[in-house]
Amino acid sequence: MKNYDHKDIEKKWQDTWKKSAIYTASDKTDKPKQYILDMFPYPSGEGLHVGHPKGYVATDIYSRMKRMQGFNVLHPMGWDAFGLPAENYAIKNKIHPRVAVDKNIARYKEQLSIIGFDYDWSREIDTTDPAYYRWTQWIFLQLYKKGLAYESTAPINWCPSCQTGLANEDLESDGTCERCGSVVVKKPMRQWVLKITDYADRMLADLDTLTMWPAHIKEAQRNWIGRSEGVEIDFGPIRVFTTRADTLYGATYVVLAPEHELVKTLPATNRAEVDAFVAAQKMRTEIERTAEGKEKTGVRLEGVTVINPATKEEVPVWVADYVLAHYGTGGVMGVPAHDERDYAFATKYNLPIVQVVMPCSPDPKNPPTADKPIVSRDTVIVFLKNNASGKYALLDWHESLEGITTGIMGGIESGQTADEAVLAEIREEASIPNARIVRELGWLSGAEYHASHKGENRRSIARVYLAEVDDLSKQGAIPEHEAKTHSLVWVEEGEVLNRLVPVHQKFVWQQLFKKTALTESGLLMNSGEFDGMNNEEAKKKITNHVGGRVVTKYKLQDWVFSRQRYWGEPIPIIHCAEHGAVAVPESELPVLLPEVEHYEPTGTGESPLANITAWVNAPCPTCGKMGRRETNTMPQWAGSSWYWLRFMDPTNNTAPVSPAQEKYWGPVDVYVGGDHAVRHLIYARFWHKFLYDIGVVTTVEPFARLEFLGFILAEDGKKMSKRLGNIINPDDVVAQVGADAFRMYEMFMGPFENTVAWSTHGVVGVRRFLERVWRLADTVSDISGLDTITHQTIKKVSDDIETFKFNTAVSQMMIWSNEADRAKRIPRAHYEAFLKLLAPFAPHITEELWHGLGHETSIHQESWPLYDPSQLEAEMVTIAVQVNGKLRGTILSARSAHQDEVIALAKADKVLGAKMPPAWSKIVYIPGRILNIIS
RNA sequence: GCCGGGAUGGCGGAAUGGUCUACGCAGCAGACUUAAAAUCUGUAACGCUUAAUCGCGUCUGUGGGUUCGAGUCCCACUCCCGGCACCA
């Protein structure tokens, strides 16, 4: 047989497949459907690098297997091509965006075609095609009619470099523009906004139904929606929002955001100072306000106080930069003891700190029993440092407390102050008379346990101290009655945490060195009638007590939906002097993007479309008088918010998708991609739910299963970029080792979701494997054998493709080829089954070998091999023999052998036999796996 | 800080509570070759012991626990990656 030359065969089969249209999805069939979708690409000017096709290879393999398993497979591809990157590329290269996009699409298509994908190109879509964006505009009109698209003049994010408004989702976490990195400013201007917040609850709740989505994506979505249930409570005229109503008794001040209306009207005696502070905050950008260690600044409204509705005490009112105007009510209550931010603010400005929640947990090893009440007891815990050695004194307890290690501790006796108790315990338990108290933690903390020696349930309420001693020269002998219950140990500072045993001891030790608020849950204190109550319960009770209102807030804000740029879908609205914003009649869609001379941004906050008088002037659909078209365009995300529906029915010109087609194909069975964990998936789910509500689709969620891929880094472990010159081009790899080796390597690199660096050496491994498979064709003959490994491989590869564990599927095929190679001759049926398993990964070489075996139809239309469960295990298996849990050797035994037979075999083995104990107390035998003899 | 995920040879990574390191890369030795590349074959955690094999011991981030048996389950800790972050 001639040598494996990928150049010979890949082009040939790609052409053949194209001619025979074997990958076309059928709309008329009895077969069950599989809709497998990639996140469609944005065709940029740079072309593809090896990272881009990774997800496409995965869906290609998956869809090929599904097709061979008898499914009617829809695996389409298209282009998301509106938006800033295409427009900026066009401006830079001085060509029309239309021309640039067409060129980029052609280049992408060429690059994809040489990799041998099975896309059904008859369903190709392009979001910039009027036949497509007609329906994007149609969906906008439906949103408008339902009141979900509205005009707003609230300040929005404006990128001075891109010269357009942006949605919150378009910003980096530091508040810069994600496209160009410019600092974004707040600018009030008229915008179209979509009311995505109406769907926030449903988008959050339905995440729980998405059982086939990765947990981290769902978590990212939850974070972004940012729902929090809290309470609005009135402090006189000031309404605050809080999720910690249980800490109301600890609220020692109130803070307003600088933009809060009441800041202007409350009768502060230092009005000039307050106004100056507010003005200064407005000058600062988002970045300045959030950066630089988040140092909090504020000004007190002198002479203004409000009443804490729980304590009935007057508290001061501040205005501070750390309170956000657009979240909650723009005002918060300051509870420095139990909120990190309030703690930082209160320590800076010397505001009172009152603890109202005491962390208190039952000891997990020795919890209180249910039958008796809990008796509270005031105690002290002290960590004593020896200044000479730097070590700390701990107590190892004996008798009933065996195994417990704590700081020095004991009860506060009546008539004794806490400080006295501390020094007394040090004297008694450690016999050290010359210790000094350094400081007290300041928080009380509790631990509940069952004191078995007293038959009593106790809650120890501890004050925690740090003490020191300069030297141990005055230390006496520890009296016998103390030594019986505990021994004193000196421990290095770094070891203390490891040595302390009840969790509570670890907790107080850590708190002692942390200057932070207590955010743990616990029992209430300093809270009047609520003292001793669990804080979760107290939330409801205190809310009722002060007449608070339960409310739900979201971090998610409505979607700023207009861009002041040329390259986007025109928003189909006409502004009429008399009738305001009027929808363009559906029959007049699409509103075509006009041809223009200059499509550069105007910089005035108006779209370039505003300068095209012939286009802008249009009659009002209601009254016929001349009005003006909306000149803003839609954001880049519009077209991708419904495209999976269009693939189901790409040429329909009466609806975005026909009900029959949607019912058959929906929802997407597997959706694959990366990098769009939040934005695209949030927008897509929002539009899909809206389309469900208006009856266009029949499923609540668009994507039943989501597989999120890890990226491919350059060989140097860095992100591939033109600037670093480390881009690896798939065209080069395909030319060198072939599309099949390229595809297999991308799958073999590591788990699909892992980010891994490209390795040129690594590609060689899969190429060698393919060459071995090629050579093996010469060893096919009419013999039997290789049954177990073949059936195992069929099972493993089938299961692994189904679960996206492509790396181990490839490993298993390598194992098969290694074994087949050793066997010298291969049964024809097994080789053919193997080729079918390999076909989705390496479609070209397997097609060539398949035809080489005398077949005349495509291997890709064969049916997927099935395994025989009874053939999965070999007759003879290696059994590990352990003595007392330690491996002492292995023996070869029949899989079905009985325990006694295996023991006999082990005894008979000349090496193992000598290690067998003469007698044993227990035998553990797991057939076919392990024999463990306990002597 | 909160949430999610993770830590296994020189590297990427395998491993239903049952022989840790499959598979691949790199390495080393050998074959073929004038030579190199390519290809093929073998080898391969660490320590002790041995002439060598054998043998013994130690190894899945750290410390503890459950179990006949733990990479896997439980507790605590450390570090890494990702998401969110002055969202009350």
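Every chain is numbered from 1 and lettered A, B, ... according to where its sequence line falls, protein lines coming before strand lines. It should be emphasised that the depicted structure is a prediction, and the values quoted were computed from it without experimental measurement. Because only heavy atoms are used, hydrogens play no part in the values below, and waters and symmetry mates are left out as well, while side chains stay in.
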A.B. asks: Give the rounded distance in Å between these two atoms: CZ of A:Phe806 and C1' of B:A14.
C.D. replies: 17 Å

A.B. asks: To the nearest Å, how far apart are A:Asp246 CG and B:A88 P?
C.D. replies: 14 Å

A.B. asks: Considering only nitrogen or oxygen atoms on both sides, find all protein atoms under 3.5 Å from nucleotides 63-68 of chain B and state each distance.
C.D. replies:
{"from": "B:C68", "atom 1": "O2'", "to": "A:Asn932", "atom 2": "ND2", "distance (Å)": "3.3"}
{"from": "B:C68", "atom 1": "O2", "to": "A:Asn932", "atom 2": "ND2", "distance (Å)": "2.6"}

A.B. asks: Which of the following nucleotides, B:C84, B:C86, B:G13, is nearest to the side chain of A:Asn223?
C.D. replies: B:C84

A.B. asks: Between B:C23, B:A88, B:U39, spot the one nearest the side chain of A:Asp339, thanks.
C.D. replies: B:A88

A.B. asks: List the atom of A:Val763, the atom of A:Trp758, and the distance in Å for their closest heavy-atom pair.
C.D. replies: CG2-CZ2, 3.6 Å

A.B. asks: Considering just the side-chain nitrogens and oxygens of A:His761, establish if one lies under 4.0 Å of OP1 or OP2 belonging to B:A26.
C.D. replies: yes

A.B. asks: Could you work out which one of B:A88, B:U19, B:U39 sits closest to the side chain of A:Ile930?
C.D. replies: B:U19

A.B. asks: Any idea which heavy atoms bring A:Val50 and A:Ile712 closest together, and the distance?
C.D. replies: O-CD1, 3.7 Å

A.B. asks: Rounding to the closest angstrom, what is the interatomic distance between B:G71 and B:A52 at atom P?
C.D. replies: 32 Å

A.B. asks: Using atom C1' in both nucleotides, what's the gap between B:C79 and B:G24 to the nearest angstrom?
C.D. replies: 28 Å

A.B. asks: Identify whether any heavy atom of A:Arg772 sits under 4.0 Å from a base atom; if not, whether one sits that close to sugar-phosphate; answer base, sugar-phosphate or nothing.
C.D. replies: sugar-phosphate

A.B. asks: Taking the six-membered ring for Trp, are A:Trp816 and A:Phe834 parallel (under 30°), tilted (30 to 60°) or perpendicular (over 60°)?
C.D. replies: parallel

A.B. asks: Provide the distance between the two P atoms, one in B:C80 and one in B:U41, to the nearest whole Å.
C.D. replies: 43 Å

A.B. asks: With heavy atoms under 4.0 Å as the rule, sort A:Pro214 into base, sugar-phosphate or nothing.
C.D. replies: nothing

A.B. asks: Say we look at B:U72 and B:G64: how far apart would their P atoms be, to the nearest angstrom?
C.D. replies: 14 Å

A.B. asks: What's the gap between B:G6 and B:U60 when it is taken at their C1' atoms, as a whole Å value?
C.D. replies: 13 Å

A.B. asks: Round to a whole Å and report the spacing from CD of A:Glu753 to C1' of B:C81.
C.D. replies: 13 Å

A.B. asks: In whole Å, I'd like the distance from the CG atom of A:Leu770 to the P atom of B:C23.
C.D. replies: 18 Å

A.B. asks: Quick one: label A:Arg768 by what it contacts on the DNA or RNA (base, sugar-phosphate, nothing), any heavy atom closer than 4.0 Å.
C.D. replies: sugar-phosphate

A.B. asks: Above 12 or not: heavy atoms from other molecules or residues under 6.0 Å from NZ of A:Lys348?
C.D. replies: yes

A.B. asks: Has A:Lys796 got a side-chain N or O lying under 4.0 Å from the OP1 or OP2 atom of B:A14?
C.D. replies: no

A.B. asks: With distance as the sole criterion, is a donor-acceptor pair present between the side chains of A:Thr760 and A:Glu715 under 3.5 Å?
C.D. replies: yes

A.B. asks: Give a yes or no on whether a salt bridge exists between A:Glu771 and A:Arg767, defined as a side-chain N under 4.0 angstrom from a carboxylate O.
C.D. replies: yes

A.B. asks: Mind checking A:Arg822 for me? I need base, sugar-phosphate or nothing, with any heavy atom below 4.0 Å counting as a touch.
C.D. replies: nothing

A.B. asks: Under 4.0 Å between a side-chain nitrogen and a carboxylate oxygen: does that hold for A:Asp246 and A:Arg244?
C.D. replies: yes

A.B. asks: Look at all strands and tell whether A:Thr755 reaches a base, only sugar-phosphate, or nothing, counting heavy atoms closer than 4.0 Å.
C.D. replies: nothing

A.B. asks: RNA chain B: A:Arg767 or A:Gly226, which has the more 5' nearest nucleotide?
C.D. replies: A:Arg767

A.B. asks: Taking 4.0 Å as the cut-off, does a side-chain nitrogen or oxygen of A:Asn754 come that near to OP1 or OP2 on B:G5?
C.D. replies: no

A.B. asks: Rounded to the nearest Å, what distance is computed from the NE2 atom of residue A:His338 to the P atom of nucleotide B:A88?
C.D. replies: 17 Å

A.B. asks: Pick base, sugar-phosphate or nothing for A:Lys886, based on heavy-atom distances below 4.0 Å to the nucleic acid.
C.D. replies: sugar-phosphate

A.B. asks: Counting side-chain heavy atoms from C-beta on, which of B:A88, B:A85, B:U16 comes nearest to A:Thr242?
C.D. replies: B:A88

A.B. asks: I want to verify a distance call: between B:U39, B:U19, B:A22, whose nearest atom is closest to the A:Thr890 side chain?
C.D. replies: B:U19

A.B. asks: From C-beta outward on A:Pro751, which listed nucleotide comes closest to its side chain: B:C84, B:U19, B:A14?
C.D. replies: B:A14

A.B. asks: Among the candidates B:A14, B:G4, B:C86, find the nucleotide nearest to the side-chain atoms of A:Glu219.
C.D. replies: B:G4

A.B. asks: Name the nucleic acid region contacted by A:Ser228, choosing base, sugar-phosphate or nothing; use a 4.0 angstrom heavy-atom cut-off, strictly under.
C.D. replies: sugar-phosphate

A.B. asks: Syn or anti for B:G9, please, going by whether the chi angle lies within 90° of 0.
C.D. replies: syn

A.B. asks: Nearest to the side chain of A:Ala880, heavy atoms from C-beta on, is which of B:U19, B:A88, B:C23?
C.D. replies: B:U19

A.B. asks: My validator wants the stems of RNA chain B: runs of 3 or more consecutive Watson-Crick or G-U pairs, both distances under 3.5 Å, written as range with range.
C.D. replies: B:1-7 with B:78-84, B:10-12 with B:23-25, B:27-31 with B:39-43, B:45-48 with B:55-58, B:61-65 with B:73-77

A.B. asks: Between A:Arg772 and A:Asp821, is there a salt bridge with N-O shorter than 4.0 Å?
C.D. replies: yes

A.B. asks: How do A:Ile879 and A:Gly328 order along RNA chain B: which one's closest nucleotide is nearer the 5' end?
C.D. replies: A:Ile879

A.B. asks: Using the P atom as the point on both nucleotides, what is the distance between B:U78 and B:C68, in whole Å?
C.D. replies: 32 Å

A.B. asks: Does a side-chain N-to-carboxylate-O contact under 4.0 Å join A:Glu746 and A:Lys54?
C.D. replies: no

A.B. asks: Starting at atom CD1 of A:Ile712, determine the distance to atom C1' of B:G12, rounded to an integer number of angstrom.
C.D. replies: 13 Å

A.B. asks: May I ask you to decide whether A:Lys805 forms a salt bridge with A:Glu753, counting only side-chain N to carboxylate O separations under 4.0 Å?
C.D. replies: no

A.B. asks: Taking only side-chain nitrogens and oxygens of A:Asn807, does any of them come within less than 4.0 Å of OP1 or OP2 of B:G12?
C.D. replies: no

A.B. asks: Does A:Asp342 come within less than 4.0 Å of A:Lys296, counting only side-chain N to carboxylate O?
C.D. replies: no

A.B. asks: C1' atom, B:U39 versus B:C59: distance in rounded Å?
C.D. replies: 36 Å

A.B. asks: Can you check the distance between B:U62 and B:A70, where both ends of the measurement are the P atom (answer in whole Å)?
C.D. replies: 15 Å

A.B. asks: Can you measure A:Glu819 atom CD to B:A22 atom P for me and round it to whole angstrom units?
C.D. replies: 16 Å

A.B. asks: Does any N or O in the side chain of A:Arg888 come within less than 3.5 Å of the main-chain N or O of A:Val883, such that one atom is a donor and the other an acceptor?
C.D. replies: no

A.B. asks: Could you tell me how far apart A:Met814 (CE) and B:A22 (P) are, to the nearest whole angstrom?
C.D. replies: 14 Å

A.B. asks: Any side-chain N or O of A:Tyr327 below 4.0 angstrom from OP1/OP2 of B:A88?
C.D. replies: yes

A.B. asks: Less than 4.0 angstrom between a side-chain N/O of A:Arg679 and OP1 or OP2 of B:G83, yes or no?
C.D. replies: no

A.B. asks: Charged N to carboxylate O below 4.0 Å: is that the case for A:Glu536 and A:Lys539?
C.D. replies: yes

